Protein chains: 2
Amino acid sequence: MNETKPKRRDFTSLWDRPGFLIRRLHQIHVALFLEECSEFNITPLQFAVLTVLYDRETLDQVTIANQIGADRNTVADVIRRLERRGLLERPASVVDKRAKLARITDEGHAFVEAVQPKMIDAQRQLTVPLDREEYEVLMKLMRKLILENYDASRAPMRPGVLQADG
Amino acid sequence: MNETKPKRRDFTSLWDRPGFLIRRLHQIHVALFLEECSEFNITPLQFAVLTVLYDRETLDQVTIANQIGADRNTVADVIRRLERRGLLERPASVVDKRAKLARITDEGHAFVEAVQPKMIDAQRQLTVPLDREEYEVLMKLMRKLILENYDASRAPMRPGVLQADG
DNA sequence: TGTTAATAGGTAGTATACTACGTAATTTAT
DNA sequence: ATAAATTACGTAGTATACTACCTATTAACA
């Protein structure tokens, strides 16, 4: 084979910058998700919130933010929109007067079930180019980077959550 | 070894959804970049725009957007901010009265050189957990997904650009 | 007990990343 | 040469993802 350059990590071209590729992948995923779910008018983050509330638990905003690895304020916005659509309720906590809880409604529950197959289509379409082994390798490496850069983002997921879901 | 489940692609847990992992990775990358470059008050996308203008070419907004794989309107915002800081100039095109071009200033040129090492630190920190082979595999798989989902996002990069930089 | 810490939530502001729509200029087709 | 389609740019609006700062409530400790 022709031995090309040793190829150390140089980052000169945009296509040699992991951050650049990750940004593009993120754009593409969001675009695919929105396209597949266009009939439901739902976003990836909104669906993630509904996913953690699907089993009818009643959680506060911070817990939800930690479980989906999102910013506290962003989650507050998302919850506001989902409540406006009647997919969530927001009961006040009786034990902690600061906390404003969130719980899925029956409508929200049915909504998740309706959207689920489309969400899966979006995930599948993004990754169809990969065979089984490539897929597993990619997922493994991405999980590794997320766990090792655990405290980089302002919305780090808690160890408990990692163990529960990972 | 203990043979766990066959592990088909099921997407039930958030950590089994590629889109979810990509969103988290994107968050982490942005956080690392902003942290490393905090003294310069610059974002990944702003730096990407400066990168394509670094060799003193004078380009229009659409061309810039295509080269960095970003939305046209987003690029317009970014350019506006960079111009406000004196890092870019915006000469009008003489051949096409619709086009408003962008060109890097001397200040912008020096700025890129000052920020470059910090950008590289951010890229490196994101990927330190990976050894050389893992790094190359990850980059290869991400590039593959981007190229194969070429027309998914509204800001697809043109084949010419792909050949030039890929 | 009383002071301090930490926590839950809110508001306001910025940047990215879109959609939808409109205008002016250019290119293509008839 | 004129009409139609395309292109470049702009504005306005929405959603995500932050920072910074604020209040109220709870927990910790001296």
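Because the structure is predicted, anything quoted here is derived from the model rather than measured.
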Next on the checklist: Quick one, A:Phe33 and A:Lys118 - any side-chain contact, counting heavy atoms below 4.5 Å?
Outcome noted: no

Item to check | D:dA28 pairs with, by Watson-Crick or G-U criteria that keep both distances under 3.5 Å | outcome: C:dT3

Checklist entry - Counting any heavy atom closer than 4.0 Å, what does B:Thr74 reach on the DNA or RNA strands: base, sugar-phosphate only, or nothing? => result base

Item to check | NZ/NE/NH1/NH2 to OD/OE distance under 4.0 Å, B:Glu134 and A:Lys144 | outcome: yes

Checklist entry - Nearest to the side chain of B:Arg80 - D:dG10, C:dT11, C:dC18? => result D:dG10

Next on the checklist: Of the options D:dT25, C:dT26, D:dA17, whose atoms approach the side-chain atoms of A:Arg98 most closely?
Outcome noted: D:dT25

Next on the checklist: Just the rounded figure in Å: distance from P of D:dT25 to CG of A:Asp96.
Outcome noted: 10 Å

Next on the checklist: Can you classify the ring geometry of A:His109 versus A:Tyr54 as parallel (below 30°), tilted (30 to 60°) or perpendicular (above 60°)?
Outcome noted: parallel

Next on the checklist: Once you apply a heavy-atom cut-off of 4.0 Å, does B:Val78 come out as touching a base, just sugar-phosphate, or nothing?
Outcome noted: sugar-phosphate

Checklist entry - Taking B:Asn149 for the side chain and A:Leu126 for the main chain, is one N or O donor matched with an acceptor at less than 3.5 Å? => result yes

Item to check | A:Asp71 CG - C:dG10 P separation (whole Å) | outcome: 13 Å

Next on the checklist: Can you confirm whether B:Val112 sits close enough to B:Ile104 that some side-chain heavy atom of one is under 4.5 Å from a side-chain heavy atom of the other?
Outcome noted: yes

Checklist entry - Just how far, in rounded Å, is P of D:dC9 from CG of B:Asp77? => result 14 Å

Checklist entry - With under 30° as parallel and over 60° as perpendicular, where do the rings of B:Phe11 and A:Tyr135 fit, or are they tilted in between? => result perpendicular

Checklist entry - A:Ala99 side chain: which of C:dG9, D:dC18, D:dT25 is closest? => result C:dG9

Checklist entry - Has A:Gln61 got a side-chain N or O lying under 4.0 Å from the OP1 or OP2 atom of C:dG10? => result yes

Checklist outcome for this item: Taken to the nearest whole Å, CD/B:Glu35 to P/D:dC18 is 13 Å

Checklist entry - Nearest of C:dG9, C:dA25, C:dA15 to any side-chain atom of B:Lys97? => result C:dA25

Checklist entry - Would you say a side-chain N or O of B:Ser93 is under 4.0 Å from OP1 or OP2 of D:dA8? => result no

Checklist entry - Is C:dA25 in the syn range, within 90° of 0, or in the anti range? => result anti

Next on the checklist: Could you tell me how far apart A:Ile79 (CD1) and D:dA17 (P) are, to the nearest whole angstrom?
Outcome noted: 14 Å

Checklist entry - When we call it a touch if two heavy atoms are under 4.0 Å apart, what does A:Val75 touch: a base, just sugar-phosphate, or nothing? => result nothing

Checklist entry - Roughly, in whole Å, what's the span from CZ in B:Arg23 to C1' in C:dC18? => result 17 Å

Checklist outcome for this item: note: A:Leu82, atom CG; D:dA15, atom C1'; distance rounded to Å ~ 12 Å

Checklist entry - Which residue, A:Arg90 or A:His26, contacts DNA chain C at a nucleotide closer to its 5' end, judged by nearest heavy atom? => result A:Arg90

Next on the checklist: Over all strands shown, is B:Arg81 touching base, sugar-phosphate only, or nothing at heavy-atom distances under 4.0 angstrom?
Outcome noted: base

Checklist entry - Which nucleotide in the set C:dT16, C:dT19, D:dC21 lies at the smallest distance from any side-chain heavy atom of A:Arg72? => result D:dC21

Next on the checklist: Please report the distance, rounded to the nearest Å, between CD1 in A:Ile64 and P in D:dA17.
Outcome noted: 15 Å

Item to check | Minimum-distance nucleotide to B:Asn73 side chain [options: C:dA20, D:dT19, C:dA8] | outcome: C:dA20

Item to check | Nucleotide nearest B:Ala76 (side chain, heavy atoms from C-beta), chosen from D:dG10, D:dA15, C:dA8 | outcome: D:dG10

